[in-house]
Amino acid sequence: MNDIISCRCFELAQRITTSSRLSTKDRQKIKDILGAYVENMVPRKVSKLCSAKTAKEMYEFARAVILNPESYTGDYERYTLIPTDTGDENGFSEYQRLLRDILDLNGNTDFGERYGFNEINTLTEYQTNVPVSGYDMYAPLLALQTNIGESGILTSDRVRSYVLDLGSMDNPRLIPCTDRQLASLKELLKNAVTGEKTFLLLESYPRAYKYSDNAVVNTVYGALLSDVFADESVSVYAKRAMFTAPAELLFPETVADMTYLRLLFALSERFVKQIIAPNTWELWETFRFLEKNWRDLCADIEAGSPDHFTEVISDEYREIIKSSLIADPGRAQELAEIFGAGFDSPIIPKIWKKLSKIYAFGDGTYGIYSAGLERYIGEMELSNGFFASSAALIGTETDIPGYYRLEASNAFTEFVPTDGADTVSAFDVVPGKDYSLQITTYSGLYRYRLSDVVRIERLEGDVPVFSYRYSGNDTVRLGECTVTDELVGNAVLELWQSGVPVTDYAYLLNDAGDGIIVMLEIWNDDISGSDKDGLSVQLEKLLEEQDSSYRSAVAAGKIKSVNIGFIEQETQLLYRDILMNRLDRPSDLIKPVRYINSPIKENFFVSRIIK
């Protein structure tokens, strides 16, 4: 009899939480009638049809709803983590299901037991019980895993690798990565490269070192590449045919700038159909490198030998790379004629006549490179593909470039309003409003705060569609005004569109701390005809047009107008190379410097100012 009462009370509680007709007075009447029964009710018996966990959830849910008529409204359906129909998930969104799955998977881990994952039945309880976290919370726990080999601390899945996230220069972050966590991204990459000859502008991180838990270090793209090559459903021949580069280049022995070798193999291939790069900076610098070094590349294609590759690698590895090349004087001559005619018109469609797709993330801080690529690719369309962090896939691009549909496959996302309001779920975001992000993942990050700021553009049902705005790491507060990379980047981009040949930029506070100095890289360092004061006035006008709070602060004399300086071309690239060599990190992990917020960065960039 108790099991029947328990089931009926659970079903009634579901109806109460999903009904739009019941008032608080109606719910109070239900309590008056059934309260005594519910008070004395016990969980139903465990059986093949009802696990102990399900019995407990049904019992607690029914008591919480029926005995608390003022606490539960019809909106509760959107926040429950218990399916709204017994044995069925109708009305239970992907968003709710994802968090429920993560909590169920990791409920018995050390972290899950500490924060009561198995006791959490609503989004509100999750947000109340589990604290917002940064990397500092995980560092000592990850040290136990990597140094001692402990498992089951953050996730019950096996950690197969630690994905590098740059963090600070002296303390790169290790993000735990599992097969389940990578599955969605792996499927995206596999679908993109299958059947297409692809020029891939990235490599795996050298996997010579394993931690005590047998996990290796890699980058997100390196881990994905490893998965594609390990996929038994794809033949060895198909894997080799996917990419212009041989496997030995995709999985190098050491960290080095592989731009020359990537281009050498890609140029040798006539029928490239698509290019995939981590971002448009990588793409832009690759094509600039090609413009400067095409003669050496053509000579090596003709000889079938990487004679002009100057990075330090072992003799054995150099021989392996050489053995993968085939001398092709005809192709070398064909390319030499194309390059010899100049780069004043888009060169890439001439090199690869079958090229139809280019994937590279080009929003936000990468906007200046996306614009500059017009020199090389002309009107070919650039696709961002997806929006992701080192920890998770967050959105996939819609039919509108730069708009992303929130993913619910591997990261539960919360939204933190930039205006200081309370954190909300995907159900409660407001179109036109800006939010930073918090994610919860299968691999053991919980309410993990990201620096990315997005804007909600629209809702598709309950699913947010967003655009990327800027990184909070590149934000500086000037009085009551916030200067972001979006503000500076858009103004610099408009400067470029007006005819000023800007190729890159960074910014820092002036000596008094009451204004910013924007440092500009100019094409070929040609500043002979540039009026620095005039450009400062032009840039100031653009900044004020973009942001009313900035304009008001300048008008009130609270902050000073912007000044500009010129830095040597390829300053950003040189700084990237220094980080690669010092930290032993691949290029796709390093982002361009925007806000110069440390003495090390300031000393370097100031030393590159053109007097």
Side-chain angles (χ1 to χ4, degrees), residues 1-104 107 115-130 408 412 414-415 422-430 440 459 461-464:
M1 179 62 71
N2 178 79
D3 284 2
I4 295 174
I5 294 174
S6 178
C7 288
R8 294 297 176 263
C9 286
F10 176 69
E11 291 168 0
L12 176 60
Q14 291 177 322
R15 299 298 181 268
I16 293 173
T17 57
T18 57
S19 173
S20 61
R21 297 181 179 181
L22 289 175
S23 65
T24 302
K25 187 177 180 179
D26 294 329
R27 292 195 294 274
Q28 182 62 51
K29 288 182 178 179
I30 294 173
K31 178 186 176 182
D32 293 342
I33 296 170
L34 295 178
Y37 292 98
V38 175
E39 288 281 6
N40 293 299
M41 181 177 68
V42 297
R44 61 181 294 189
K45 293 179 181 178
V46 176
S47 67
K48 292 181 180 180
L49 299 177
C50 181
S51 67
K53 186 174 186 299
T54 298
K56 180 174 179 292
E57 288 176 346
M58 291 175 64
Y59 168 75
E60 291 180 350
F61 179 68
R63 286 178 58 86
V65 173
I66 296 173
L67 298 179
N68 298 280
E70 296 182 357
S71 302
Y72 291 88
T73 67
D75 287 338
Y76 186 77
E77 180 187 16
R78 305 176 72 188
Y79 304 99
T80 181
L81 296 178
I82 303 173
T84 56
D85 291 301
T86 307
D88 189 2
E89 293 183 13
N90 293 331
F92 203 50
S93 72
E94 288 183 318
Y95 187 68
Q96 292 160 290
R97 168 51 54 196
L98 175 62
L99 182 55
R100 179 76 271 167
D101 285 350
I102 292 172
L103 296 178
D104 287 348
Y115 292 106
F117 284 6
N118 291 328
E119 310 300 321
I120 292 172
N121 291 320
T122 69
L123 298 184
T124 302
E125 289 175 359
Y126 179 66
Q127 293 172 334
T128 301
N129 292 2
V130 181
F412 174 80
E414 296 172 89
F415 296 81
D422 291 340
T423 299
V424 298
S425 70
F427 297 130
D428 298 313
V429 293
V430 178
T440 294
L459 298 176
D462 282 331
V463 180

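Just so you know, these numbers come straight off a predicted model, no measurement behind them.
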Shortest non-hydrogen contact from [X] to [Y]?
X      : Y      : result
Ile66  : Lys31  : O-CB, 3.4 Å
Cys9   : Val38  : SG-CG2, 4.0 Å
Ala426 : Val429 : O-CG2, 3.4 Å
Asn121 : Arg100 : OD1-NH1, 4.0 Å
Leu123 : Ser425 : CD1-CB, 4.1 Å
Ala408 : Tyr95  : CB-N, 4.2 Å

Measure the [atom1]-[atom2] distance between [X] and [Y] for me, rounded to the nearest 0.5 Å.
X      : Y      : atom1 : atom2 : answer
Ile16  : Ile30  : CD1   : CD1   : 4.0 Å
Leu103 : Tyr115 : CG    : OH    : 14.0 Å
Tyr37  : Ile5   : OH    : CD1   : 7.5 Å

Spell out, as yes or no, whether a donor-acceptor pair under 3.5 Å connects the side chain of [X] to the backbone of [Y].
X      : Y      : value
Glu119 : Gly116 : no
Asn68  : Ala64  : yes
Asp26  : Ser23  : yes

Given side chains that start at C-beta, do those of [X] and [Y] come closer than 4.5 Å, heavy atoms only?
X      : Y      : value
Phe61  : Arg63  : no
Phe117 : Asp104 : no
Arg97  : Glu94  : no
Leu12  : Leu34  : yes
Phe415 : Asp428 : no
Phe427 : Gln96  : yes
Val130 : Ile120 : yes
Met41  : Tyr59  : yes

Give the C-alpha distance, both sets of side-chain angles, the deciding distance and a yes or no for side chain to side chain donor-acceptor pair (under 3.5 Å) between Asp32 and Gln28.
CA-CA 6 Å; Asp32 293 342; Gln28 182 62 51; 3.1 Å; yes

Can a salt bridge be assigned to the pair Arg8 and Glu11 using a cut-off of 4.0 Å between side-chain N and carboxylate O?
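A salt bridge is present here (some side-chain N lies under 4.0 Å from a carboxylate O).
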
Would you say the side chains of Thr128 and Glu125 form a donor-acceptor pair under 3.5 Å?
no

